[in-house]
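A short worksheet on the structure shown next.
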Amino acid sequence: MNTSEQIDKYIASLTDWRSTLLTRLRKLINETAPEVGEDWKWSCPVWTKKSPVCAISAFKGHVKNKKA
């Protein structure tokens with residue numbers, strides 16, 4: 001499974017508001033910073049450009065977007 005498919009699977013596994021929010025965040029990151037690449041680290045989607053730029057994770061009651 002490639003990175004994009006892994007992120008798709010992660011987002012699809014969330015069946016509530018978190019999947020909608022992660023989909024929107026992913027689209028926003030990819031559109032505004034096309035030079036960063038999607039990666040999978042620490043069991044979550046990570047965007048990198050030589051080093052991690054940001055990561056997004058879903059938790060029970062919130063979504064966390066961490067800037068590196």
For Ala12, side chain to side chain contact (heavy atoms under 4.5 Å, CB included) partners two or more places apart: none

For Ser4, side chain to side chain contact (heavy atoms under 4.5 Å, CB included) partners two or more places apart: Asn2, Asp8, Arg26, Glu38

Pairs meeting criterion side-chain hydrogen bond (donor to acceptor under 3.5 Å, both in side chains) with involvement of residues 39-50, two or more places apart: Asn30-Trp47

Sequence neighbours excluded, every pair satisfying side-chain hydrogen bond (donor to acceptor under 3.5 Å, both in side chains) that has a member inside residues 11-21: Asp16-Arg18

Test side chain to side chain donor-acceptor pair (under 3.5 Å) applied to Thr3 - qualifying residues, sequence neighbours left out: none

Residues which pass salt bridge (Lys or Arg N to Asp or Glu O under 4.0 Å) with Glu5, listed by chain and number, not counting sequence neighbours: none

Cluster link Ile7 to Val46, ILVMFWY, side chain under 4.5 Å: no

OG1 on Thr23 to CG on Leu14, rounded to 0.5 Å: 8.5 Å

Interatomic distance, Ile29 atom CD1 to Glu31 atom CD [nearest 0.5 angstrom]: 11.0 Å

